[in-house]
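What follows is one structure encoded as structure tokens, with my remarks underneath.
In this text, all values refer to a predicted model and were calculated from it rather than measured experimentally.
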Number of protein chains: 2
Amino acid sequence: MKILIVEDEPKVASFLKQGLEEQSYEVTVVFDGYFAKKMAGENYYDVIILDVLIPYINGLEVAKQLRNEGIKTPILMLTALGSTDDKVVGLDAGADDYLVKPFEFKELLARLRALTKRFTDNMHEQRVIKLHDLELDLDRKVVRRGGKTIDLTAKEFGLLEYLLRNKNRVISRAEISEKVWDSSFDTSTNVIDVYINFLRKKIDKEFPTKIIHTMVGMGYIIKTED
Amino acid sequence: MKILIVEDEPKVASFLKQGLEEQSYEVTVVFDGYFAKKMAGENYYDVIILDVLIPYINGLEVAKQLRNEGIKTPILMLTALGSTDDKVVGLDAGADDYLVKPFEFKELLARLRALTKRFTDNMHEQRVIKLHDLELDLDRKVVRRGGKTIDLTAKEFGLLEYLLRNKNRVISRAEISEKVWDSSFDTSTNVIDVYINFLRKKIDKEFPTKIIHTMVGMGYIIKTED
DNA sequence: CTTCTACTATTAGTATTTTCATAATTTTTA
DNA sequence: TAAAAATTATGAAAATACTAATAGTAGAAG
């Protein structure tokens, strides 16, 4: 998540930068309106934190001009001026939110979350379960290992997903039968064994570190260490 | 522009209603969380103004539940509690903005403008969905690929739109049935398969790179790479 | 009335899942 | 420790499930 901070007071700027980086945002700081426009125009940011009182071009003007250029990055306006009129002007200039200094850092964080939420909602982050060098991609329904993409059938995928969600834990055949085949366990069949075999061929065979292990008399376990 | 106001204090409610109607918003007022959920679920609103302290289900819970249901209508949270923690909780519950009572009406208006702007801006930029050399034009309801304009029927278009909005993700027939046909999945029909076939004929057949892919036993996925 | 759309029915072909027989391995028993 | 028993692995065949493709029908739209 990339953030552009536009703030000329060094104290505030470094305080923000540090705090946000601790939350693992990628932070860029600029000190005046001129650079703010330039950076926002040339780079992509998830949010812009924009102080109103900055050199050259003030924050309101920066917001207005960015919007005119069609840049829709959410803007959180920051200022020492707390009157309603100031807020109204700021919001109408194109800001999406407005925060009055001094503010508590956790409120800033909450407002940032609110601003970026809509964005991340749409960009549904891809759901992936990882173990060692193996990736199970729940959206694309494929597995990747060592750079290679491996196709699995529906049952194979279902079985591997269940095992991965329960990695480092021995899973009995009865449990697998119930959760993956959703039926009570039937001793007269060895489908599970067969599918374990299928999985091994596809995801373990050509790799030195095996991840599927048999626990004789107990079931199977998925893990990396031997 | 339609607004839902959720506020149980009659004075505040009627003050808001009157003021907003003067600004030519269409206003609906409900007095408790139960009705709020019901109305927001069944009707379309551009913004919801949501008081925190309301009967039955409090505002925070209403916001949370609406978001869980996938309703993304901007929410402006309203409350007498002004502490930072309250704001943080409110914003994290799913609110897009937070206003502390008492507030000036023009600040409310400004924040409403900011909230609806963001929303309507998004609407306008999403008028064309692209993937590779395929364009889905939501205004003209046509598809273009390789310079050619392809006409689709309503159902074909609806299906392709849904798939494109979920590109790079395997979509099950159940999901398609629910979202495109809005009915629960019925195994006794193969409409979906047939429509996939229609789409393939129209948008994939004469092009080397296919974008509709079958994942046997799982559903369909739209993507370019093989 | 004709054309178009949404859908159903059916088929053949293919991919997947399961069963089964046998081999290999591990555990138990003597 | 060696043989027997139990458990698991594997390959191939059989059964089943799934999908593509096409033709046909009812009803809406023009």
Next on the checklist: Against B:Asp133, only a single residue in B:Arg145, B:Lys148, B:Arg144 fulfils salt bridge (Lys or Arg N to Asp or Glu O under 4.0 Å); can you say which?
Outcome noted: B:Arg145

Checklist entry - Which whole-number value in Å describes the distance from A:Leu199 CG to C:dT17 P? => result 11 Å

Checklist entry - Taking the side chain of B:Lys155 as its heavy atoms from C-beta onward, which of C:dC7, D:dT19, C:dT19 lies nearest to it? => result C:dC7

Item to check | Candidate nucleotides C:dT19, C:dT10, D:dT19, ranked by approach to the side chain of B:Asn190 - the nearest | outcome: C:dT10

Checklist entry - Taking for each residue the nucleotide of DNA chain D with the nearest heavy atom, is it A:Gly217 or A:Lys201 whose nucleotide lies nearer the 5' end? => result A:Gly217

Checklist entry - When you check the phosphate oxygens OP1 and OP2 of C:dT17, does a side-chain N or O of A:Trp181 lie under 4.0 Å from one of them? => result no

Next on the checklist: Of the options D:dA9, C:dC7, D:dA20, whose atoms approach the side-chain atoms of B:Phe198 most closely?
Outcome noted: C:dC7

Checklist entry - If you measure only the distance, is there a donor-acceptor pair under 3.5 Å linking the side chains of A:Asn197 and A:Arg200? => result no

Next on the checklist: Quick check on DNA chain C: between B:Val191 and B:Leu152, whose nearest nucleotide comes earlier from the 5' end?
Outcome noted: B:Leu152

Item to check | Dot-bracket line, read 5' to 3' along DNA chain C, where crossing pairs take [ ] and | marks a partner on another strand, Watson-Crick or G-U under 3.5 Å | outcome: ||||||||||||||||||||||||||||||

Checklist entry - What is the distance from CE of A:Met215 to P of D:dT8, rounded to the nearest Å? => result 11 Å

Next on the checklist: Checking side-chain polar atoms at under 3.5 Å, does A:Glu175 have a donor or acceptor matched by the opposite partner on A:Tyr162?
Outcome noted: yes

Item to check | Whole angstrom value for the distance that separates P of D:dA21 from NZ of B:Lys202 | outcome: 16 Å

Next on the checklist: For a quick test of reading the model: is some side-chain N or O of A:Thr214 closer than 4.0 Å to OP1 or OP2 of C:dT25?
Outcome noted: no

Next on the checklist: Tell me whether the side-chain N/O atoms of A:Thr189 come closer than 4.0 Å to OP1 or OP2 in C:dT18.
Outcome noted: no

Item to check | Euclidean distance, atom CZ of residue A:Arg200 to atom P of D:dG11 [Å, nearest integer] | outcome: 13 Å

Checklist entry - Using a distance-only test with no angle check, is there a side-chain donor-acceptor pair under 3.5 angstrom linking A:Arg173 and A:Thr189? => result no

Checklist entry - Just wondering, do B:Lys87 and A:Arg111 contact through their side chains at under 4.5 Å, heavy atoms? => result yes

Item to check | Euclidean distance, atom CZ of residue A:Arg173 to atom C1' of D:dA6 [Å, nearest integer] | outcome: 12 Å

Checklist entry - What is the distance, rounded to the nearest whole Å, between atom NZ of B:Lys141 and atom P of C:dT5? => result 15 Å

Checklist entry - Between atom CG in B:Asp204 and atom C1' in D:dT19, what is the gap in whole Å? => result 16 Å

Next on the checklist: I need the CE-P distance between A:Met218 and D:dA6, as an integer number of Å.
Outcome noted: 18 Å

Checklist entry - Any side-chain heavy-atom pair from B:Ile203 and B:Ile150 closer than 4.5 angstrom? => result yes

Next on the checklist: Let's see if you can work this out: which of D:dA9, C:dT16, C:dT8 has an atom nearest to the side-chain heavy atoms of A:Thr153?
Outcome noted: C:dT16

Checklist entry - Which is it for B:Tyr56 and B:Phe35 under the ring-ring contact (aromatic ring centres under 6.0 Å, His included) test, yes or no, and what are the steps along the way? => result CA-CA 9 Å; B:Tyr56 306 128; B:Phe35 267 107; 8.7 Å; no

Next on the checklist: I'd like to know whether NZ of A:Lys130 has more than 12 heavy-atom contacts from other residues, nucleotides or ligands below 6.0 angstrom.
Outcome noted: no

Item to check | Earlier contact from the 5' end, DNA chain D, for B:Asn197 and B:Val216 | outcome: B:Val216

Checklist entry - With a non-hydrogen cut-off below 4.0 angstrom, is B:Tyr220 in contact with a base, only sugar-phosphate, or nothing? => result sugar-phosphate

